[in-house]
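Have a look at the structure below, then the notes.
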Amino acid sequence: MHVSFDIAADLDLNLKDAALISLGPEGNAFVPEVRPADPRHGDFQANGVLGYAKARKLNPRAVAEQIVAALRDNTKVQFEVTIAGPGFINFKLKPAGLLAWLQTYDSAGHLRTGASEFYKGHHNLVDFSSPNTAKQLHVGHVRGMVIGEAICRLLEFCGAKVTRDNHIGDWGTQFGKLIWGYKHLRNDAALTSDPLEELERLYKAADAAAKETPATLDAARAELVKLQSGDAENLALWKKINAISSDAFQEIYRKLGIRFDYEYGESFYNDKLQQVYKELTAAGLAEESQGALVVFHPEHPRFKTQPFIIRKSDGASNYASTDLATMLYRVEHFKADTIIILTDTRQTDHFEQLWLTTQKWFAKTGRTVPHFEHVTFGSILGEDGKAIKTRSGDPIKLKALLAEAEERAFALVTEKSPDLPEADRRDIANAVGIGAVRYADLSQNRSSDYIFAWDKILSFEGNTAPYLLYAVTRVRSIFRKLGLDAYDPSVTAGATAPATDAEIALARKLIGFASTLRLTTTQLRPHFLCTYLHELAGEFSTFYAADKVLVDDPAVRARRLLLSARTLLILETGLNLLGLRTLARM
RNA sequence: GCGAGCGUAGCACAAUGGAUAGUGUAGUGGCCUCCGAAGCCAUUGAUGUGGGUUCGAUUCCCGCCGCUCGCACCA
């Protein structure tokens, strides 16, 4: 018998069929609205009857009864179907159905096979991280990196082709300042001993100088124009600077397990800008204003007067220019049907203008308009509720943040498990520390700012990485005690359907994985998955306390081992999708 | 000034227009001769404010209050 991975989607189809049968052609308009239900009511609920009946002045309960009567026999065998309240249809999967799902989805590979139906044939290009060269990665960058990586893994798992592009800021105005600083302010000794620090100092010093004296600002801009028009000296400097920062970026990416397929920075698009200027002008979208080439959007309350500057008055490009060229390249070269760009929420205006412009441009030139998602996220705040900074007022460097996370985790692990060899404790501290930082960024709705507190993210209690990693080790320890591999199918052979309250509750939570993946990927919000995993870990703890797994009765033991094995599978699969490394013990 | 986002228990956060607004912490009271107590069970406590739409609003719309962010050549 085929067991569908996403039971809710399956029910949705069955309800549509039943509506057609029972309501006639008008049933075409019925939208089931199946969603996971509160466990008190069932596993899934269909809410669509209420709106449908209301709009037609019908009795919703009567309509619900008609639809339920027309459901396939198979559905009625699998579920307890009830009509409740004003016209909700509730579906409660019977224990045999729970067992069938758990037996079918018994490995990460099979889960992936089930999930890969979601986005089969889609090609998403994900643009994330995208740091500026010549600046170190700092705490402000981590959220986009971590969320971006999780989104890529999730979409891939759910069947999409994903192209990861690190759109490095290697061509902007900062280079004018940096080159000017290099030429006038550099300290050669410092450049040799700690090149990245020195570059950052030069940028800051040049930036400050440009703010003080307009002549310096003009000089910096002139350096940029020289660079962008191919000046050999500036080009060589630019390459040197990029090489230095790229090495530093790669070190952090390795540490966080983040990878890219391409790192086409802004400079890559330099020779593709003339086409943008030309086409937008020819299409009547771009116009000269105060010496710059800009796009206005007359239909928009704000962008009718707030320009989208696509070429600066000194002739230099900016990020609007390169972003437009990038849009085109991603559609024409990569053939992406969906473009996802992650940046913090402060850049909303820019991307709204970019998208308005792109749509009009592509439409006027007969190109396919892709789907576009600007995935935004809030800032990380200090415990005072203000932008997180070091005592000296600088942003906290990511390298230092990650090192501190590992140190703090090491101290905690040493406290809890002093008998483990130091090498093991270091390894655990790495997974816990880095995982904690990651999970903190993922577990909250990305729209909001969040307050960063070491004690909170490294706590072993609550919706945290340490709690989830602990749950994993506890399941693993059951199998270790037996000398068995949790992923060996023979371990769970002969399992019967879940029977006790705790077993059933855990099984029902496990089958919710599919709906969670669907929700997480349609909304591109990893916190849905985090919440689910935390609930799953809690459900397991309840089960673990209520029902002893290693009992003598072989049937009972087998079904509890099955539930434990699947809990482990889904916890590990979910955590890996989020980018966390799991542990056997801690 | 214009625009955007956010206001949910003491604190930190959930809730894809659905049923009695969930979870964690902190507080209170229980549970280790028993598979890892880094755990479990029970319990106290909240939608800024005023309208509107809806069978149904934390969610959508409008006003007000509060906080944050953005707004011509940085990205």
Side-chain angles (χ1 to χ4, degrees), chain A residues 33 35-38 40-41 45 47 50-51 53-54 60 84-88 90 130-132 135 169 171-174 176-177 207 221 266 289-294 301-303 305-314 316 318-320 322-323 343-350 352 376 378-379 381 385-387 412-413 415-417 443-445 447-451 453 455-456 459-464 466-467 469-471 473-482 515 518-519 522-523 525 527-528 530-531 534-535 538 541-551 560 564 585-586:
Chain A
E33 292 178 37
R35 47 172 289 173
D38 186 310
R40 282 172 299 200
H41 304 121
Q45 62 182 57
N47 300 338
L50 286 96
K54 177 70 187 171
F88 301 110
N90 291 330
S130 306
N132 286 338
K135 287 188 207 165
W171 202 239
T173 306
Q174 79 270 22
K177 290 176 182 169
D207 189 49
R221 282 180 176 157
E266 293 174 343
S289 173
Q290 299 178 24
L293 190 62
V294 309
R302 202 152 22 96
F303 303 145
T305 53
Q306 184 179 320
F308 189 50
I309 299 168
I310 66 169
R311 188 180 61 207
K312 302 198 287 183
S313 54
D314 61 9
N318 64 2
Y319 82 144
T322 49
D323 279 356
T343 76
D344 67 83
T345 192
R346 290 176 302 201
Q347 297 187 45
T348 300
D349 275 5
H350 168 76
E352 204 177 324
T376 59
S379 309
L381 307 177
K386 298 189 175 147
L412 284 169
V413 171
E415 186 191 328
K416 301 279 188 188
S417 307
S443 59
Q444 282 191 41
N445 190 332
S447 299
S448 336
D449 295 346
Y450 81 89
I451 294 174
D455 291 348
K456 191 175 72 180
S459 168
F460 289 101
E461 291 153 2
N463 188 9
T464 64
Y467 175 85
L469 294 175
Y470 170 70
T473 62
R474 216 157 48 148
V475 186
R476 280 205 172 274
S477 125
I478 296 170
F479 291 92
R480 187 166 52 240
K481 184 145 260 178
L482 289 172
S515 294
R518 177 90 74 179
L519 179 64
T522 53
Q523 308 283 316
R525 292 182 191 272
H527 80 281
F528 286 120
C530 295
T531 302
H534 178 238
E535 287 170 0
S541 283
T542 299
F543 157 77
Y544 184 84
D547 294 335
K548 190 170 165 64
V549 176
L550 301 181
V551 293
R560 290 184 184 165
S564 301
R585 57 177 94 207
M586 59 191 276

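All chains are named by letter (A, B, ...) in the order of the sequence lines, taking the proteins before the strands, and each is independently numbered beginning at 1. No experiment lies behind these values; they were computed from the predicted model shown.
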Inset, instruction - Indicate for each nucleotide in nucleotides 27-38 of chain B, in 5' to 3' sequence, whether protein heavy atoms under 4.0 Å reach the base (B), only the sugar-phosphate (S), or nothing (-). - result: -------SBBSB
Inset, instruction - Using the C1' atoms only, state how far B:C61 lies from B:G17, rounded to an integer number of Å. - result: 13 Å
Legend entry - Nearest-Å distance once atom P is located in both B:C67 and B:U44: 35 Å
Legend entry - Residue pair A:Phe528 / A:Asn445, side-chain heavy-atom distance below 4.5 Å: no
Inset, instruction - Can you tell me, in whole Å, how much space there is between the P of B:A14 and that of B:C32? - result: 37 Å
Legend entry - Runs of at least three Watson-Crick or G-U pairs with RNA chain B, cut-off 3.5 Å: B:1-7 with B:65-71, B:10-13 with B:22-25, B:27-31 with B:39-43, B:48-52 with B:60-64
Legend entry - Conformer about C1'-N of B:C32 - syn within 90° of 0, anti elsewhere: syn
Inset, instruction - For the pair A:Lys456 (side chain) and A:Ile451 (backbone), establish whether a donor and an acceptor sit closer than 3.5 Å, ignoring hydrogens and angles. - result: yes
Legend entry - Exam field: side chain A:Asn318 to backbone A:Ile309, donor-acceptor pair closer than 3.5 Å: yes
Inset, instruction - Indicate, with a heavy-atom threshold strictly under 4.0 Å, whether A:Gln290 touches base, sugar-phosphate, or nothing. - result: base
Inset, instruction - May I ask you to say what A:Thr305 touches in the nucleic acid, namely base, sugar-phosphate or nothing, with a heavy-atom cut-off under 4.0 Å? - result: nothing
Inset, instruction - Using only heavy-atom distances, determine whether the side chains of A:Asn47 and A:Arg35 contain a donor-acceptor pair under 3.5 Å. - result: no
Legend entry - Stepwise side chain to side chain contact (heavy atoms under 4.5 Å, CB included) check, A:Ser447 with A:Arg525: CA-CA 9 Å; A:Ser447 299; A:Arg525 292 182 191 272; 2.8 Å; yes
Inset, instruction - Compare the minimum distances between each of B:C55, B:A75, B:C41 and the side chain of A:Thr542, then state the nucleotide with the smallest one. - result: B:C41
Legend entry - Atom C1', compared across B:U33 and B:C11: separation rounded to whole Å: 39 Å
Legend entry - Donor-acceptor contact below 3.5 Å, side chain A:Gln523 vs main chain A:Arg518: no
Inset, instruction - May I ask you to say what A:Glu266 touches in the nucleic acid, namely base, sugar-phosphate or nothing, with a heavy-atom cut-off under 4.0 Å? - result: sugar-phosphate
Inset, instruction - With heavy atoms under 4.0 Å as the rule, sort A:Thr348 into base, sugar-phosphate or nothing. - result: nothing
Legend entry - Backbone of A:Gly538 reached by a side-chain donor or acceptor of A:Thr542 within 3.5 Å: yes
Inset, instruction - Tell me yes or no: between the side chains of A:His350 and A:Tyr319, is some donor less than 3.5 Å from an acceptor? - result: yes
Legend entry - Nearest-Å distance once atom P is located in both B:A38 and B:U25: 14 Å
Inset, instruction - Looking at every strand, decide which applies to A:His350 at a 4.0 Å heavy-atom threshold: base, sugar-phosphate, or nothing. - result: nothing
Legend entry - Per-nucleotide protein contact string for nucleotides 12-21 of chain B (B base, S sugar-phosphate only, - none; heavy atom under 4.0 Å): SSSSB-BB--
Inset, instruction - Specify the separation, in whole Å, of atom CD of A:Gln347 and atom P of B:G5. - result: 17 Å
Legend entry - Between A:Ser379 and A:Arg346: side-chain donor-acceptor atoms closer than 3.5 Å: no
Inset, instruction - Side chain of A:His534 only, please: which of B:A75, B:G24, B:C71 is the nearest? - result: B:G24
Legend entry - B:C40 and B:C34, which share atom name C1', separated by this distance in whole Å: 14 Å
Legend entry - Separation between the C1' atoms of B:U28 and B:G45, rounded to whole Å: 12 Å
Legend entry - B:C71 phosphate, OP1 or OP2, under 4.0 Å from A:Arg346 side-chain N/O: no
Legend entry - Nearest-Å distance once atom C1' is located in both B:G7 and B:G50: 16 Å
Inset, instruction - Using whole Å, report how far CZ of A:Phe308 lies from P of B:C74. - result: 14 Å
Legend entry - Test item: A:Thr464 side-chain N/O and A:Ser459 main-chain N/O as donor-acceptor pair under 3.5 Å: yes
Legend entry - A:Ala316 backbone acceptor or donor facing A:Arg311 side chain under 3.5 Å: no
